[in-house]
Protein chains: 2
Amino acid sequence: MTEDERKSWLTVQDEVRRLIRQRDWKPGELIPHEADLAREFGCARATVNRALRGLADAGLLERRRKAGTRVALNPVRRAEFSIPIIREEIEGKGQRFGYRIFLREMRVPPPDVQARLQLNVAQPILYLKTLYTADSRPYVFEERWINSIAVPDVLDADFEVLSPNEWLVREVAFDGGDFTFSGVAATAEEAAILTCRVGEGLLVLERTTRHGGLMITYVRLLFHPGYQIHTRC
Amino acid sequence: MTEDERKSWLTVQDEVRRLIRQRDWKPGELIPHEADLAREFGCARATVNRALRGLADAGLLERRRKAGTRVALNPVRRAEFSIPIIREEIEGKGQRFGYRIFLREMRVPPPDVQARLQLNVAQPILYLKTLYTADSRPYVFEERWINSIAVPDVLDADFEVLSPNEWLVREVAFDGGDFTFSGVAATAEEAAILTCRVGEGLLVLERTTRHGGLMITYVRLLFHPGYQIHTRC
DNA sequence: CAGTGGTCTAGACCACCGG
DNA sequence: CGGTGGTCTAGACCACTGC
């Protein structure tokens with residue numbers, strides 16, 4: 001019988017997953033109450049709750065008070081990816097990390113960048129162009145605007161010791177951010193820097209980072225040809 | 001005093017977030033035990049546990065038995081994005097969804113697709129080329145291989161009624177998948193289908209979907225120029 | 001080995017919201 | 001209104017792992 005089974009929220013979760021996968025519980029269908037499941041599994045309701053809450057977070061179930069718990073119709077598949085810290089990403093592949101700063105100056109950002117950084121005055125801020133390399137080969141080209149009004153210390157930073165990326169990670173406790181992926185064809189300047197063909201298809205990641213209520217930095221990462229972001233769910 | 005505060009795991013979480021943001025608890029630093037925090041917040045240890053577990057899941061804390069809980073050094077920033085169901089994505093923008101199947105045939109997949117689908121014999125499977133449109137304008141071009149050995153029913157499916165995408169979502173309970181983002185330049189065929197310039201930079205999403213132990217489908221989505229995937233963390 | 005987080009329990013109350 | 005999930009509690013035992 002089922003008396004001797006190991007009970008835990010993971011066991012419950014696996015069992016529920018199995019019932020859904022095998023279509024014993026079909027999409028859209030109501031499943032038993034927590035109380036019933038607790039009896040059935042021989043565990044406390046809190047344990048069932050833990051299991052089902054996890055599945056709801058994952059998008060496999062939809063729960064509402066009084067209405068009960070249903071198998072999600074369109075399993076809201078969510079994939080996660082970790083924000084790459086470039087040096088770690090490169091060294092993690094056993095390659096040698098390097099970078100070269102092409103440009104560092106104060107510049108008035110274009111309107112779209114001003115908007116992203118929520119600057120309401122056209123004022124010069126720190127602008128950087130950096131190429132990161134793996135085993136001396138171009139890896140990713142970074143164009144970065146730093147809200148040096150919010151982070152004045154950045155003007156004294158020595159980016160020869162620590163890359164802009166890492167300096168910011170160390171000095172500013174990021175709070176959140178926005179990410180945008182897109183594809184572009186390499187311009188002449190970009191092709192020259194990344195040593196690829198003009199017009200080659202490249203992956204772009206744009207990121208705006210918050211701290212508290214302030215927008216700290218906007219960065220556009222242009223990856224070398226063939227670069228892929230991989231994730232799993 | 002702090003007697004009358006509302007107590008809940010969310011309150012605890014907010015407070016811990018605040019302490020981290022304000023650097024009262026610095027990166028790498030050990031924070032008090034659950035028991036101490038429970039006393040401090042005037043709640044049960046389970047409540048503190050719930051709060052801290054959430055923050056650890058989010059990558060803001062690192063917890064180990066006996067070693068205690070530390071503020072993460074490199075807040076493992078993870079971003080989530082939801083897998084778009086194309087029709088919903090388009091209709092969600094108030095546009096009219098449509099699609100046109102260019103090709104539907106049995107074909108022996110190339111080696112890389114065979115590998116992705118874990119087919120160990122060169123055998124013809126279902127191959128589809130579909131263009132999805134928003135307000136009749138090209139939105140995304142889909143190239144799809146379906147493991148029709150694992151899902152024989154698909155051979156009888158009427159994709160005029162339901163798009164391949166939605167047919168699969170309805171008929172097969174997906175279990176998980178792999179995702180890859182990259183950028184490419186449009187080929188002549190692709191440019192013709194998407195009505196864009198040859199060589200234009202496009203975003204590509206490749207997806208392999210599992211069900212149980214079986215690989216169900218491999219799909220390559222080529223988005224129209226300017227398409228962006230957006231997410232926030 | 002002993003301290004810490006991880007989990008489970010039985011019971012309770014509450015918030016929400018469908019009928 | 002009443003049923004359902006959401007949360008909290010006090011206490012307990014366990015699993016891992018640093019010392």
Side-chain angles (χ1 to χ4, degrees), chain A residues 1-17 19-20 25-73 75-76, chain B residues 1-17 19-20 25-73 75-76:
Chain A
M1 313 320 177
T2 63
E3 303 304 335
D4 198 50
E5 283 174 8
R6 195 88 74 270
K7 38 191 155 148
S8 78
W9 68 274
L10 276 173
T11 310
V12 175
Q13 223 177 49
D14 283 347
E15 180 63 6
V16 171
R17 269 189 219 277
L19 289 164
I20 294 175
W25 292 345
K26 301 189 184 61
E29 223 175 75
L30 209 56
I31 78 174
H33 321 176
E34 292 187 347
D36 284 355
L37 290 174
R39 268 196 309 101
E40 191 172 327
F41 286 121
C43 65
R45 183 167 81 92
T47 303
V48 173
N49 182 282
R50 175 88 148 90
L52 297 191
R53 192 165 17 91
L55 293 173
D57 286 345
L60 217 62
L61 295 177
E62 283 172 4
R63 323 192 73 196
R64 260 178 314 175
R65 287 164 157 137
K66 166 72 183 178
T69 301
R70 294 177 178 280
V71 179
L73 266 176
V76 179
Chain B
M1 315 315 179
T2 64
E3 303 303 334
D4 200 50
E5 283 175 7
R6 194 87 74 271
K7 41 190 156 149
S8 78
W9 67 273
L10 276 174
T11 310
V12 175
Q13 222 177 52
D14 283 348
E15 179 63 8
V16 172
R17 268 189 218 278
L19 288 165
I20 293 176
W25 292 346
K26 300 189 184 62
E29 222 175 74
L30 209 55
I31 77 174
H33 319 177
E34 292 188 346
D36 284 354
L37 290 174
R39 267 196 310 101
E40 190 171 329
F41 287 121
C43 65
R45 183 167 79 93
T47 304
V48 174
N49 182 281
R50 175 90 149 88
L52 297 191
R53 191 163 20 89
L55 293 173
D57 286 346
L60 217 62
L61 295 177
E62 284 173 2
R63 323 191 70 197
R64 262 177 313 174
R65 287 163 157 137
K66 166 73 182 181
T69 300
R70 294 176 178 282
V71 179
L73 266 175
V76 180

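All heavy atoms count here, side chains included; hydrogens, waters and symmetry mates do not. All chains are named by letter (A, B, ...) in the order of the sequence lines, taking the proteins before the strands, and each is independently numbered beginning at 1.
Taking each heavy atom of A/Leu52 and A/Glu34 in turn, the nearest pair found is CD1-CG, 4.3 Å. Closest non-hydrogen pair, A/Cys43 versus A/Val48, comes out as SG-CG2, 3.7 Å. The two residues B/Thr47 and B/Ser8 have their closest heavy-atom pair at CG2-C, 3.9 Å.
Nucleotide D/dG6 holds its P atom 11 Å from the CG atom of A/Leu61, rounded to whole Å. Distance, A/Ile31 CD1 to D/dT4 P: 13 Å, rounded to whole Å. Whole-Å rounding puts the A/Arg53 CZ to D/dT4 P distance at 19 Å. One atom, CZ of A/Arg45, and another, P of C/dT7, lie 19 Å apart when rounded to the nearest Å. Atom CZ in B/Arg50 sits roughly 14 Å away from atom P in C/dG6 (whole-Å rounding). Look at CG on A/Leu55: it is 12 Å from P on D/dG6, rounded to the nearest Å. Between B/Asn49 atom CG and D/dT9 atom C1' there is a gap of 13 Å when expressed in whole angstrom units. Between the NZ atom of B/Lys66 and the C1' atom of C/dG3 there is a distance of 5 Å, given to the nearest Å.
With hydrogens and angles disregarded, no donor-acceptor distance shorter than 3.5 Å links the side chain of B/Arg63 to the backbone of B/Thr69. Side-chain N or O atoms of B/Glu62 include none that pairs as donor or acceptor with a backbone N or O of B/Arg70 at under 3.5 Å.
Residue A/Arg65 has its side chain nearest to D/dG5 when only C/dC8, D/dG5, C/dG18 are considered. The listed nucleotides are D/dT9, C/dG5, D/dG6; the one nearest the side chain of B/Ala44 is D/dT9. In the set D/dT4, C/dG5, D/dT7, D/dT4 carries the atom at the smallest distance from any side-chain atom of A/His33.
Note on A/Arg64: every side-chain N or O is 4.0 Å or more away from OP1 and OP2 of C/dC17. Taking side-chain N and O atoms only, A/Thr47 has a distance below 4.0 Å to OP1 or OP2 of C/dT9. The phosphate of D/dT4 (OP1 or OP2) has no side-chain N or O of A/Thr69 nearer than 4.0 angstrom.
In terms of position on DNA chain D, the residue among A/Ala46 and A/Pro32 whose nearest nucleotide sits closer to the 5' end is A/Pro32.
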